[in-house]
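Beneath this line is the structure, given in structure tokens, with notes to follow.
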Amino acid sequence: STDSSYRGTGVLKKVVLPSTLESIGQYAFSGQTLMEMDVNLPSGLLRLEERCFSCCESLTGELVLPEGLEYLGAASFYDCKNLTGTLKIPSTIETIPSECFSLCKGFDTLIIPNTVVELSNGGSNSTGGAFYTCTGLKSITLPIELSQSDTAFRYCTVQSIHYTKGSTGIMPDRSSNDWPLERHSASSLQEVSFDEGVNHIGSYAFYYNDRLNRSVFHGSVPSFGDN
């Protein structure tokens, strides 16, 4: 797809992506509100460039990102508010960039594989986190190191978190001033579970989670930091 191919035109009625497609360019379908399109993206797709589907109200239902996808551009699905259900990040992705799924309020479940080693918190932009204001999320599975990201999950109020061992099995220590995923979900988090291989839970991990009432450990109970 050529960059900005159909950006904001509003005239597309139906789009069929060929099975041989490998890349969707910057702003390719940004701002589309009328088109009909299958959200099961082609199995051979390798790259989704910056803002390729940003503010695309036409994307509805459960988004299927193909295994083999290697690159997600910044804000590629920004404000796609009509996407729903489970979002599963392919195991071929290593980085989820700034604003990638920000304002996607219809997802209720997020699964991030152990292969993801970087989750953008937007840097100096407090609204630039990868999942900023994904307010529909109720359940998240993610590598234990990634819950530390300050603004990646800003305004997300989840009910359950499942931690996989990631690359180290260690949740970093926090301070009472940090704002990781667990603190953003202070009033909502009820259940946490930990894969075998998780061996340390950092200081202040659940300090603010007064409603947390269930913890499940698959394997040995890890060590805990202070508070």
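Side chains are part of it too, since the values below use all heavy atoms of this structure and drop only hydrogens, waters and symmetry mates. For the single chain, residues carry numbers from 1 onward in sequence order.
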>> Let's go through Thr115 and Ile89 carefully: what are the C-alpha distance in whole Å and the side-chain angles of both, what is the deciding distance for side-chain contact (heavy atoms from CB on, under 4.5 Å) to 0.1 Å, and is it a yes or a no?
In response: CA-CA 10 Å; Thr115 52; Ile89 305 300; over 6 Å; no

To the nearest 0.5 angstrom, please state how far the [atom1] atom of [X] sits from the [atom2] atom of [Y].
X	Y	atom1	atom2	answer
Asn199	Thr168	CG	OG1	7.0 Å
Tyr132	Phe153	OH	CZ	15.0 Å
Leu65	Leu45	CG	CG	8.5 Å
Cys56	Phe77	SG	CZ	9.0 Å
Ser76	Gln26	OG	CD	11.0 Å
Tyr27	Ser54	OH	OG	6.5 Å

So, does [X] use its side chain to make a donor-acceptor pair with the main chain of [Y] at under 3.5 Å?
X	Y	value
Thr92	Leu69	yes
Tyr208	Ser176	yes
Ser223	Ile201	no
Ser175	Asn177	yes
Thr133	Tyr155	no

> Is atom CD of Glu94 surrounded by more than 12 heavy atoms (other residues, nucleotides or ligands) closer than 6.0 Å?
Replying inline: no

>> So, using side-chain contact (heavy atoms from CB on, under 4.5 Å) as the criterion, who are the partners of Glu57 when residues are at least two apart?
In response: Thr33, Lys81, Asn82

> Mind checking what makes side-chain contact (heavy atoms from CB on, under 4.5 Å) contact with Glu70, not counting sequence neighbours?
Replying inline: Leu46

So do the side chains of [X] and [Y] get within less than 4.5 Å of each other, counting heavy atoms only?
X	Y	value
Phe217	Pro222	yes
Ile170	Ile144	no
Val221	Phe194	no

>> Quick check on the hydrophobic clustering: are Tyr207 and Phe224 connected, directly or via other members, by side-chain heavy-atom contacts under 4.5 Å?
In response: no

Judged by modelled atom types alone, do [X] and [Y] share a side-chain donor-acceptor pair under 3.5 Å?
X	Y	answer
Glu145	Ser167	yes
Arg174	Gln148	yes
Ser203	Asp226	no

>> Aromatic contact between Phe101 and Tyr78, with the criterion being ring centroids under 6.0 Å apart: yes or no?
In response: no

> Is there a side-chain contact (heavy atoms from CB on, under 4.5 Å) between Leu83 and Lys105 once you walk through the steps?
Replying inline: CA-CA 8 Å; Leu83 292 173; Lys105 300 179 180 181; over 6 Å; no

> Of Asn114, Thr141, Asp195, which is the lone residue that meets side-chain hydrogen bond (donor to acceptor under 3.5 Å, both in side chains) with Thr164?
Replying inline: Asn114

